[in-house]
Amino acid sequence: MDEFASLWHEAAVTSLGFFWMALWAFILGYVVSSLIQVLVTKQRMQKTMGTDGPRSIALGTFFGFISSSCSFAALSTTRALFQKGAGLAPSLAFMLASTNLVIELGMVIAIFLGWQFVVGEYVGGILLILVAWLLIRITRPRRLEKLARERLGEAQDDNDGEDKSWKEKVSSREGWQKIGQTYVMEWQMVWKDVLIGFTVAGIISAMVPDSFFQALFIGSGGDSAANPGFLAVLAQTLVGPVAAFFTFIGSMGNIPLAAVLFGQGVSFAGVMAFIFSDLVVLPVLRINASYYGWKMALYILALMLVGIVSVSLLMHYALVVLDMLPDASHAQAPGDRSFFKVNYQLVLNAVFIVFSAVLVWFWRQAQQAAAGHDHHEHHDHDHGGGSASLTDKVLSTLVVVALIWLAGGLLVTLLTGG
């Protein structure tokens with residue numbers, strides 16, 4: 001019992017330590033994302049991506065880059081773009097860019113995994129978009145597109161009267177209230193995924209033996225773990241998406257878990273395939289099916305899987321040729337880290353927590369102003385639409401379990417006299 005209590009405590013401290021390491025990067029990324037979302041209107045995006053040509057692909061990629069990193073928000077916006085007439089390829093370019101090319105994701109990857117993985121994330125994200133575009137041009141799924149558009153119906157033009165320039169927004173109280181609202185919504189979209197993802201990462205780091213990863217990811221561990229041979233690298237690259245498919249962890253929450261995998265000797269290609277797989281998880285497949293029908297959802301899944309495997313392998317062997325492949329033997333074990341100490345992370349976290357509090361204050365002002373303006377009109381930003389889905393209920397249950405687990409892990413040593 002004492003051994004389990006010790007592992008439980010280590011798992012909880014590791015989870016919280018992971019989050020503490022990444023907190024300033026989360027806040028900074030969501031602040032930047034919120035500023036851009038308020039200053040750049042989506043209506044202009046949707047009018048410029050009606051074809052599958054290079055210009056539309058480039059615009060879809062750019063707009064995705066400046067948009068949210070939440071997988072589920074990306075699905076909703078992608079549906080809106082496609083519904084309003086954007087081509088399939090630029091719509092998917094937006095979806096891939098908004099989950100792989102965003103600022104905060106690169107920051108968190110840099111903290112946990114190192115610069116090679118940041119390069120892999122951004123260069124690989126662009127390559128994923130190009131592969132998806134190429135596959136769409138080869139397969140030409142016009143019938144699937146037609147059926148999907150008929151299922152969605154025509155979108156209504158929603159003109160919100162947004163005619164202020166970005167300078168006027170930045171210099172006004174209303175503009176900052178809107179930025180605060182967007183910032184809070186960013187956290188509302190991802191906090192469950194982040195909490196569960198960091199909790200799972202701590203549990204796996206403390207409790208799962210190395211032998212499990214060596215069995216699941218063939219060739220991991222050992223002397224040649226960084227580049228164990230093509231067949232082993234290919235197998236790990238195939239296992240990465242399969243392992244991610246059955247999780248509910250989003251693009252931000254799976255980074256610490258990816259760090260655990262890398263620390264256990266999984267190859268660069270296997271880790272990158274796992275990171276890229278936030279858009280092939282089961283909840284995403286279900287949501288796409290509800291939007292476009294199962295045929296289109298499975299077609300998109302196939303595109304993603306082919307792209308993930310091919311791009312991860314390409315990035316891996318490009319680093320091999322350049323002799324820049326990261327070596328897991330130099331990775332610091334999560335349990336060996338000193339998470340909570342006086343250093344630059346403490347200063348950065350303190351600064352960004354204060355700035356976060358200011359934005360939350362603006363959000364509260366906006367909420368109070370809206371309540372005072374109209375007591376009868378409720379307008380909540382619902383990214384899932386309608387009543388709570390099965391995924392939402394499962395996530396909510398897992399959140400409660402995670403909170404109980406973390407609290408118990410912090411208290412267990414006190415209760416056992418450790």
Side-chain angles (χ1 to χ4, degrees), residues 12-39 65-71 73 98-122 170 176 179-202 205 249-260 262-263 275 278 331-332 334-364 402 406 410:
V13 170
T14 301
S15 296
L16 295 173
F18 274 158
F19 181 72
W20 179 252
M21 287 175 61
L23 180 58
W24 70 269
F26 273 124
I27 295 175
L28 175 59
Y30 288 137
V31 167
V32 173
S33 177
S34 300
L35 286 170
I36 293 172
Q37 288 187 65
V38 171
L39 302 181
F65 168 72
I66 65 174
S67 188
S68 169
S69 66
C70 171
S71 302
S98 65
T99 53
N100 292 302
L101 304 182
V102 287
I103 297 167
E104 58 268 31
L105 189 60
M107 292 177 178
V108 175
I109 290 174
I111 290 172
F112 285 103
L113 288 163
W115 68 267
Q116 293 99 329
F117 288 92
V118 178
V119 172
E121 179 68 21
Y122 288 123
V170 168
W176 280 101
I179 291 168
Q181 286 179 299
T182 306
Y183 176 75
V184 171
M185 283 191 294
E186 286 285 316
W187 278 103
Q188 288 174 336
M189 286 188 286
V190 301
W191 75 270
K192 292 179 181 178
D193 292 292
V194 169
L195 173 63
I196 295 167
F198 278 68
T199 302
V200 169
S205 172
I249 304 172
S251 57
M252 301 301 285
N254 68 2
I255 301 306
L257 183 51
V260 173
F262 181 59
I275 293 173
D278 60 306
Q332 187 178 17
D336 297 335
R337 295 176 185 263
S338 180
F339 296 112
F340 307 102
K341 56 184 178 181
V342 179
N343 58 9
Y344 76 96
Q345 287 179 337
L346 174 63
V347 176
L348 287 172
N349 282 344
V351 169
F352 283 105
I353 286 172
V354 170
F355 193 59
S356 183
V358 171
L359 290 178
V360 171
W361 179 74
F362 276 118
W363 168 73
R364 286 294 303 159
L406 292 174
L410 295 179

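Everything numeric in this text was worked out from a predicted model, so none of it was measured.
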For residues Thr199 and Ala402, report the shortest heavy-atom separation together with the two atoms involved. OG1-CB, 3.7 Å
So how far is it from Ser98 OG to Leu105 CG, rounded to the nearest 0.5 Å? 11.0 Å
Any side-chain heavy atom of Phe355 sitting closer than 4.5 Å to one from Val360? no
Got a sec, which residues hit ring pair (Phe, Tyr, Trp, His ring centres under 6.0 Å) with Phe19, two or more places apart in sequence or on another chain? Phe198
Show the nearest heavy-atom pair for residues Ala258 and Ile275, with the distance to one decimal. CB-CG1, 3.7 Å
With a 4.5 Å heavy-atom cut-off, do Tyr122 and Asn100 have their side chains touching? no
To the nearest 0.5 Å, tell me how far Gln181 CD sits from Phe362 CZ. 12.0 Å
When rounded to the nearest 0.5 Å, the distance separating CG of Leu359 from CD1 of Ile179 is 7.5 Å
For a 4.5 angstrom cut-off between non-hydrogen side-chain atoms, does Val108 reach Leu113? no
Would you mind reporting whether Leu35 and Thr182 have side-chain heavy atoms less than 4.5 Å apart? no
Considering residues at least two apart in sequence or located in another chain, which fulfil the side chain to side chain contact (heavy atoms under 4.5 Å, CB included) criterion with Phe352? Trp24, Ile27, Leu28, Leu348
ring-ring contact (aromatic ring centres under 6.0 Å, His included) evaluation trace for Phe262 with Phe112: CA-CA 10 Å; Phe262 181 59; Phe112 285 103; over 10 Å; no
Working to the nearest 0.5 Å, report the span between OG of Ser356 and CG of Leu23. 8.0 Å
How many angstroms lie between atom CD1 of Ile255 and atom CD of Glu121, to the nearest 0.5 angstrom? 6.5 Å
Here the gap from Ile109 atom CD1 to Gln116 atom CD, rounded to the nearest 0.5 Å, amounts to 12.5 Å
Tell me the closest heavy-atom pair linking Gly202 and Ser15, and the distance in Å. CA-OG, 3.2 Å
With sequence neighbours left out, what residues match Trp187 under side chain to side chain donor-acceptor pair (under 3.5 Å)? Tyr183
